2 protein chains.
Amino acid sequence: MQPLSSREKILEVAERRFAQRGYAGVGLRELASAAGLGKSSLFHHFASKAALYLAVLDRVLERIETRIGPALAVRGTAGERLDRALDALIDALAEHPTVARLLLRALFEDDDLPETETPEARAVDSRLRALIGELGRFIDAGVANGEFRKVSTGDALQTLIGATVYHFASGEVGEVVTGGPLFTREAVARRKAEVKGFVHHGLQSPQPQERPKESSQ
Amino acid sequence: MQPLSSREKILEVAERRFAQRGYAGVGLRELASAAGLGKSSLFHHFASKAALYLAVLDRVLERIETRIGPALAVRGTAGERLDRALDALIDALAEHPTVARLLLRALFEDDDLPETETPEARAVDSRLRALIGELGRFIDAGVANGEFRKVSTGDALQTLIGATVYHFASGEVGEVVTGGPLFTREAVARRKAEVKGFVHHGLQSPQPQERPKESSQ
DNA sequence: GTCTATATCACGATAGAC
DNA sequence: GTCTATCGTGATATAGAC
């Protein structure tokens, strides 16, 4: 693998910084020098700070798409496909702590961006809508064929996003809640199992007072 | 009710601004004039921007505590108490769109604050830990008496936080996902029902291909 | 308790040499 | 494609009059 181009190096550094401190919290001077460049050189590669931020977001969404698309395309019951999609999504989020944080910050940092009518912004927006639409149609299909309960598709999707994206973005608070790190192999594997278990069976056991000592972990 | 004191007015305005644009995105000048004051007068009421931010957070956590505490203290099965706690939490989050956003931003904006060793910061931290501990012990109890599945307490708690806090913080993205507003009375009521339904029954129906047309909405 | 004025600094962005 | 220098602006915070 050849060494990173300046553009790629900038994107890499920017992803970490934006995930950690948010759009407004990152200064281009600091970012440039962390990428081994002078501040002005950034403007040769990206038209503005907002354009750089959107390029970072786009790259992350593209990575997630690449993982989830094939998982949803697999044949099988809706339950099986859901398991695969959750595994793929969690793998994408667990790959690096920046991913979930960027996604979660992007929820409300739209307000922060100076212009929202640029072509880059519309590209990110349509990528996100495509991903949401894909997952939504998939849940709909499961409800339609009777395999899933008659849930509100949108609310179910929100719950799944919360269970995955929020979790891996939750940082120190999440470590307090779970009592340990979030990104070790064991923690990620446990999260996958717990989310799938929660989705499949629900929190409340079907037989309240019966054989309380058997279920798998 | 007497008119708001300057301090209260500042806290009110600051809560909206910090929720909307984040810690780094808010300028004290703009904030002060929105509160009807000169910029320098803020420093008479709060020692620094960070202290103001922490005061805002503390006030929000206090409001949530006030709602959830009584709900958890009620007698009943773990399932009933869970329903009450979820209702109380969702009511607190739905009261004003700032609440969930502030909480979610607080997850990662700790990195943004200049000092984390001030007494105010420790007050917020201990308030948060108390709330988490309370909810955790409550789930533990439900698992211990066999009413809940043998889930990982921390992961279940993370899922519940995601289903509630994330949802009401999700803004425009959440509106795209659910296909409508998040804070209308109907949307909040539907969210309560969906979250409780999801928690109780799980997404996958117990009898995959049977009576697919009956369950409640 | 609020104000004006100011100190100090960092920000995003541009100009233009090399 | 990277650099130095600089513009204009707005940031947090302080000093001190009223």
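Predicted, not measured: the structure shown is a model, and the values here were computed from it. Naming convention: chains lettered A, B, ... in sequence-line order (proteins, then strands); numbering from 1 in each chain.
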So, does Arg29(B) get its side chain near the phosphate of dG10(D), meaning an N or O under 4.0 Å from OP1 or OP2? no
Leu28(A) CG to dG12(C) C1', straight-line distance once rounded to whole Å: 6 Å
Whole-Å distance between dG1(C) C1' and Arg7(B) CZ? 14 Å
Is a side-chain donor-acceptor pair under 3.5 Å present for Thr178(B) with Gln158(A)? no
Between dT14(C), dT2(D), dC3(C), which nucleotide gets closest to the side-chain atoms of Phe43(A)? dT14(C)
Nearest whole angstrom, please: distance from the P of dT4(D) to the CG of Leu42(A). 13 Å
When you measure from the side-chain N and O atoms of His44(A) to the phosphate of dG1(D), is any distance below 4.0 Å, counting only OP1 and OP2? yes
Expressed as a whole number of angstroms, how long is the span from His45(B):NE2 to dG1(C):P? 7 Å
Would you kindly give the NZ-to-C1' distance between Lys39(B) and dT4(C), to the nearest whole Å? 10 Å
Base of dT14(C), side chain of Ser40(A) - is there a donor-acceptor contact under 3.5 Å? yes
Can the ring centroids of Tyr53(A) and Phe46(A) be said to lie less than 6.0 angstrom from one another? no
Does OP1 or OP2 of dG1(D) have a side-chain N or O of Ser41(A) closer than 4.0 Å? no
Polar contact flag, side-chain donor to acceptor under 3.5 angstrom, Thr184(B)-Arg190(B): no
Can a donor-acceptor pair be found between the side chains of Glu15(B) and Thr98(B) at a distance below 3.5 Å? yes
When rounded to whole Å, the CZ to P distance for the pair Phe46(B) and dT14(D) reads 16 Å
Tell me the interatomic distance from Glu8(B), atom CD, to dG1(C), atom C1', rounded to whole angstroms. 16 Å
Between P on dA13(D) and CG on Leu31(B), what's the gap in Å once rounded to a whole number? 13 Å
